[in-house]
Amino acid sequence: MKANESHVKGISNICIRGYWATYGETHRKDWIERVISEFYNHERILSEVTESNRDWGGYFVAVENGEVIGAAGGGMIDEEVGELFVIYIDPARRNEGIGSKLLDAVTKQQKLEYRAKEQWVSVQKGNMKGIPFYEAKGLIFKYEKAPKENPMYIKLRHSRKI
Ligand SMILES: CC(C)(COP(=O)(O)OP(=O)(O)OC[C@H]1O[C@@H](n2cnc3c(N)ncnc32)[C@H](O)[C@@H]1OP(=O)(O)O)[C@@H](O)C(=O)NCCC(=O)NCCS
């Protein structure tokens, strides 16, 4: 479902736990802490669930017994091109189909509301918790990118027609 203000704390928790579970062994602690404080703080997520537009379609959440167990969101990066910007599942709840449902919700929004024909995602090179999921979903590796701000953390760009 589309997230609202009542999900802010849950989204923040899922993203922070998911980020540590995904990058804790490969990335520097101070880097992780910086990303978490920049992207997953209460204020930022509050604005990201209350304001949505073409560039950021808002968060979608999977909720069970009132608790957020997964969160995802994306936006349009070009005329007919969407991107999945973020997706995290409770680390204890992987491989139950929750990620697929969230990706479907983001994809549906991009196709139906914004007329996307293509979808991209960036994933950290070596992220074996993320890459096999994208490949299972038909997102095909296209190229590598070394981010200017931190060239040692190489990103892989995947895409598919939608
Ligand atoms: C990536 C993630 C969102 C996937 O969500 P999920 O609920 O575990 O995925 P699903 O259960 O819907 O799996 C869908 C498919 O992907 C496959 N898959 C998912 N993770 C996999 C893995 N680590 N290894 C192999 N296959 C995997 C499943 O087998 C399934 O394949 P199928 O459709 O052929 O049966 C979740 O594992 C996660 O939070 N990972 C850590 C965070 C992360 O890396 N996010 C991406 C950052 S860019």
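Side-chain atoms are counted along with the backbone in the values below, which use heavy atoms only and exclude waters and symmetry mates. Just so you know, ligand 1 is whichever comes first in the structure, and atom 1 is the first atom listed for that ligand. Keep in mind it's a predicted model, so treat the numbers as computed, not measured.
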Atom 26 (N) of ligand 1: any protein heavy atom closer than 4.0 Å: yes

Y134 near ligand 1 by a heavy-atom separation under 4.0 Å: yes

Heavy-atom nearest neighbour in the protein, as seen from atom 1 (C) of ligand 1, with distance rounded to 0.1 Å: K129 O, 3.3 Å

Flag side-chain contact, heavy atom, 4.5 Å: N150 against R28: no

is_close_aromatic(W31, Y23), centroid dist under 6.0 Å: no

Verify same cluster id: V63, V106 (apolar side-chain graph, 4.5 Å): no

Heavy-atom pair with the smallest gap, counting every atom of K137 and S100: NZ-OG, 2.9 Å

Enumerated ligand 1 atoms positioned under 4.0 Å from heavy atoms of M128: 23 (N)

Taking atom 44 (O) of ligand 1 as the reference point, the nearest protein heavy atom with its distance: N127 ND2, 2.9 Å

Distance (rounded to the nearest 0.5 Å) between E51 CD and L46 CG: 8.5 Å

Residue pair Y88 / Y40, side-chain heavy-atom distance below 4.5 Å: yes

Protein residue, atom and distance nearest to atom 40 (N) of ligand 1, heavy-atom basis: R94 NE, 3.4 Å

Qualifying residue, where the test is salt bridge (charged side-chain N to carboxylate O under 4.0 Å, His left out) with R157 and the options are E83, E144, E118: E83

Atom indices of ligand 1, in the order listed, that fall short of 4.0 Å to a heavy atom of P132: 21 (C), 22 (C), 24 (N), 25 (C), 26 (N), 27 (C)

Residue pairs passing the salt bridge (Lys or Arg N to Asp or Glu O under 4.0 Å) test where at least one lies in residues 54-79, sequence neighbours excluded: E64-R93

Atom 45 (N) of ligand 1: the protein heavy-atom neighbour that sits closest, reported with distance to 0.1 Å: I87 O, 3.0 Å

Nearest-contact summary for atom 42 (C) of ligand 1 - protein heavy atom, Å: T22 OG1, 3.2 Å

Side chains of I14 and D90 in contact at under 4.5 Å (non-hydrogen atoms): yes

Ligand 1 atoms in contact with G97 (distance to a heavy atom under 4.0 Å): 10 (P), 11 (O), 12 (O)

Where ligand 1 meets G130 - atom numbers and elements under 4.0 angstrom, heavy-atom basis: 44 (O)

Contact atoms of ligand 1, heavy-atom distance to E96 under 4.0 Å: 11 (O)

V123, any N or O under 3.5 Å of ligand 1 N or O: no

Residue selection (non-hydrogen contact nearest atom 47 (C) of ligand 1) among Y23, F133, Y19, F85: Y23

Residue, atom name and distance, where the atom is the protein heavy atom closest to atom 19 (C) of ligand 1: N95 OD1, 3.3 Å

Heavy-atom neighbours of R44 CZ exceed 12 at 6.0 Å: yes

Check: K142/S159 side-chain N/O donor and acceptor closer than 3.5 Å: yes

Proximity of I89 to ligand 1 by residue part, where a heavy atom lies under 4.0 Å: both

Residue and atom name of the nearest protein heavy atom (relative to atom 15 (C) of ligand 1), distance in Å to one decimal: A136 CB, 3.8 Å

Nearest-neighbour protein heavy atom for atom 33 (O) of ligand 1, which is reported as residue plus atom name and distance: K137 NZ, 4.1 Å

Those atoms of ligand 1 less than 4.0 Å from some heavy atom in S100: 10 (P), 12 (O), 13 (O), 14 (C)

Flag side-chain contact, heavy atom, 4.5 Å: I36 against W20: yes

Ligand-residue contact atoms, ligand 1 with S122, heavy atoms, under 4.0 Å: 48 (S)

